[in-house]
Protein chains: 2
Amino acid sequence: MPLGNVSERRHGAPDLGVSVVILALDKRANIASGLGKSAHHDDAPASNEVGRLWLPLVKRVKQPYLGCWALPGAGLRSDISLEDAAFTALESTTAMHPHYLEQLYTFGGPARSQGGLPMVSIVYWALVGQAEAETLHEANNVQWFATDALPEMAFDHEAIVDYALWRLRNKIEYSSIASRLVGNEFTLAQLRHVYEAVLGKALDPANFRRRMLTSDSLQQTGKYQAEGRHRPAALYRYSADTPIEEIYEGSLAALTSHKVLAANTARQHR
Amino acid sequence: MPLGNVSERRHGAPDLGVSVVILALDKRANIASGLGKSAHHDDAPASNEVGRLWLPLVKRVKQPYLGCWALPGAGLRSDISLEDAAFTALESTTAMHPHYLEQLYTFGGPARSQGGLPMVSIVYWALVGQAEAETLHEANNVQWFATDALPEMAFDHEAIVDYALWRLRNKIEYSSIASRLVGNEFTLAQLRHVYEAVLGKALDPANFRRRMLTSDSLQQTGKYQAEGRHRPAALYRYSADTPIEEIYEGSLAALTSHKVLAANTARQHR
DNA sequence: CCAAAAGTGTTGCAAATACACCCATGA
DNA sequence: TCATGGGTGTATTTGCAACACTTTTGG
């Protein structure tokens, strides 16, 4: 009985769009490339805590869920790839360029379009580095939110964000994806802060060091960085970019990441 | 310059459909519920080899790729969930009911629709048990193929199958998904044959036994099964269904599998 | 000197592997 | 009886977690 005006579309194809979960770290977790002291949104955590993950959301200006916050997205055209569509949606709403972009899941079905038109969303998730994240000028309708303090969100977008965070937490364990959240050169402490922010817990510095070094994915630059009244730390870089990923992504590796890699190489390898 | 008649659709939304990669084992790998001796397609492997994975394909009767084999699929309506659409596509083309169904990936973009209309495919992958697989009467336009001997396939469907196999190989390591490929009760040797077929290599029986038993996901039935001129093997069953999966699928677990579970409980818990 | 983080060493535990060995059965 | 797979025992290795310890710097 409700949804009367929608019933005529019940057997047609649903609308199709892409959305993006964009994730970045605050200053505390990644001091490598940063110089200033204040984090996003003037919400810098105390310096002895773990860093936090943030994401930009867009305020809806239409019904349904008017005034709620939603993931950046756009309709889907047929002349570009799905990944390019996600890349463009990200770029046009935030003017940022991701360091990593991967398909997350496709959501659809009548349950998620309460009162609205049927909608299928192909959702991607992206990582942006510290420097890139700072280029976003927060406006009235696009703002950063900490993932552990999300606002009232539209549709099922909160569940989608949760799923993206779950995927990131898993993927950081077996891939070199953390490389997309630190600068080109970094100390092991800085890299550890990234892991701590993603996993949401502190890690043993000694064991973390050994785990990273024995994985053979890092190489020393020969440079050192002094950061306080203590011994300077060696700077490292990732040796080959995305070595582990390709193994794990299997046959899908060939179908993805072209645009992101191009964008990153264009800006001098991240 | 080519594709002239398609160019007018270039900026519209692409068509949307679901496809399914349906996987099953041959007799050698799963003797639990079977009685006969011949495997699918009269291609029973020698009894000392590992079993193989098979999937049903549909022969195309239209251009493009006329005569090639393709994944079962259907268009997408907006009054049912994506999973229900995949379930229905599987059921209507093969008359089988899956024991497992999960979204695999969404494929799209202009590159994959050579000469045809732009097409986005939401692909699911499914597992069917031995008994269910035997209900499929092979016709002229739907047949079983071994995954290591695929025919000429339409579109990018061969890459999609490879990705589904990769996902299965990974998932069998950390979830109880193998339960969907064996019968209700099984010996550890039979369960091992499933793992061997999926992973494509032989496993140490002693270590496999210990790994399974210490995982606490199996329980003994008290029954035994004699299978040759040697000591009879104890029969086991999976204790709680899908215990590990839910942990690993995280927040997504709530959004999926309702229909498959219903279908399986309807037929007495698989 | 001393605080504080960088970096090293040591121990113990848990899981996976390799492989030797007994057990129970049907032919 | 003996061949065959079911089932157990055990040594070795590996990676990880815990934590004590040494080193190097700035103040």
Side-chain angles (χ1 to χ4, degrees), chain A residues 28-32 46-51 169-170 172-175 182 185-196 199-237 244, chain B residues 28-32 46-51 169-170 172-175 178 182 185-196 199 201-237 244:
Chain A
R28 172 71 186 98
N30 183 11
I31 322 182
S47 59
N48 56 347
E49 294 173 2
V50 239
R169 280 193 294 269
N170 273 273
I172 205 174
E173 300 281 16
Y174 63 81
S175 80
V182 287
E185 303 184 347
F186 47 87
T187 67
L188 284 170
Q190 288 162 354
L191 186 62
R192 178 164 49 85
H193 290 320
V194 172
Y195 275 75
E196 288 176 337
L199 299 176
K201 63 179 181 189
L203 299 174
D204 184 296
N207 295 330
F208 180 82
R209 149 183 301 275
R210 254 187 301 262
R211 191 152 59 91
M212 289 298 117
L213 295 183
T214 56
S215 79
D216 273 336
S217 58
L218 300 185
Q219 59 183 204
Q220 235 179 318
T221 62
K223 290 182 257 179
Y224 292 84
Q225 187 177 78
E227 238 184 310
R229 122 199 205 195
H230 56 80
R231 180 172 174 177
L235 284 171
Y236 293 83
R237 75 169 70 86
I244 307 173
Chain B
R28 173 73 186 93
N30 182 11
I31 322 182
S47 60
N48 56 346
E49 294 173 2
V50 267
R169 278 192 295 269
N170 274 272
I172 205 173
E173 301 281 15
Y174 63 81
S175 81
V182 286
E185 303 185 346
F186 46 86
T187 67
L188 284 169
Q190 288 161 353
L191 186 61
R192 178 165 48 85
H193 289 320
V194 172
Y195 275 76
E196 288 176 337
L199 299 175
K201 65 179 179 188
L203 300 174
D204 184 297
N207 295 330
F208 179 82
R209 149 183 302 275
R210 254 187 301 264
R211 190 152 60 92
M212 288 299 117
L213 294 184
T214 56
S215 78
D216 272 336
S217 58
L218 300 185
Q219 58 183 204
Q220 235 180 317
T221 62
K223 291 183 255 179
Y224 292 84
Q225 186 177 80
E227 238 184 310
R229 114 199 212 199
H230 56 80
R231 182 175 174 173
L235 283 171
Y236 293 84
R237 74 169 69 88
I244 308 172

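In what follows, chains are A, B, ... by sequence order, proteins preceding strands, each numbered from 1. What you are looking at is a predicted structure, and each value in this text was computed from that prediction instead of being measured.
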Any donor and acceptor pair, going by atom type alone, linking the side chain of A:Thr214 with main-chain N or O of A:Arg211 inside 3.5 Å?
yes
So, does B:Gln225 use its side chain to make a donor-acceptor pair with the main chain of B:Phe186 at under 3.5 Å?
no
Which nucleotide, [options], lies nearest any side-chain atom of [X]?
{"X": "B:His230", "options": "C:dT25, D:dT25, D:dG7", "value": "C:dT25"}
{"X": "B:Ala234", "options": "D:dG7, D:dT23, D:dT4", "value": "D:dG7"}
{"X": "A:Pro232", "options": "C:dA24, D:dT24, C:dT8", "value": "D:dT24"}
{"X": "B:Asp204", "options": "C:dA6, C:dC19, C:dC23", "value": "C:dC19"}
{"X": "B:Arg210", "options": "D:dG5, D:dT8, C:dA18", "value": "C:dA18"}
{"X": "A:Arg229", "options": "D:dA17, D:dG26, D:dA3", "value": "D:dG26"}
{"X": "B:Asn207", "options": "C:dA24, C:dC19, D:dC19", "value": "C:dC19"}

Between A:Leu203 and A:Lys201, is there a side-chain heavy-atom distance shorter than 4.5 Å?
yes
Are side-chain heavy atoms of B:Tyr195 and B:Leu191 found at a separation under 4.5 Å?
yes
May I have the distance from [X] (atom [atom1]) to [N] (atom [atom2]), rounded to whole angstrom?
{"X": "A:Leu191", "N": "C:dA6", "atom1": "CG", "atom2": "P", "result": "12 Å"}
{"X": "B:Gln190", "N": "D:dG6", "atom1": "CD", "atom2": "P", "result": "9 Å"}
{"X": "A:Gln225", "N": "C:dA4", "atom1": "CD", "atom2": "C1'", "result": "16 Å"}
{"X": "B:Glu227", "N": "C:dT25", "atom1": "CD", "atom2": "C1'", "result": "13 Å"}
{"X": "B:Tyr195", "N": "C:dA16", "atom1": "OH", "atom2": "P", "result": "12 Å"}

Contact class for A:Ala226 vs. all strands (heavy atom < 4.0 Å): base, sugar-phosphate, or nothing?
nothing
Can you measure from CD (B:Gln190) to OH (B:Tyr236) and round to the nearest 0.5 angstrom?
12.5 Å
Nearest nucleotide by nearest heavy atom, which residue falls closer to the 5' end of DNA chain D, A:Ala206 or A:Arg231?
A:Ala206
Whichever of B:Ala233 and A:Arg211 has the more 5' nearest nucleotide on DNA chain D, that residue is B:Ala233
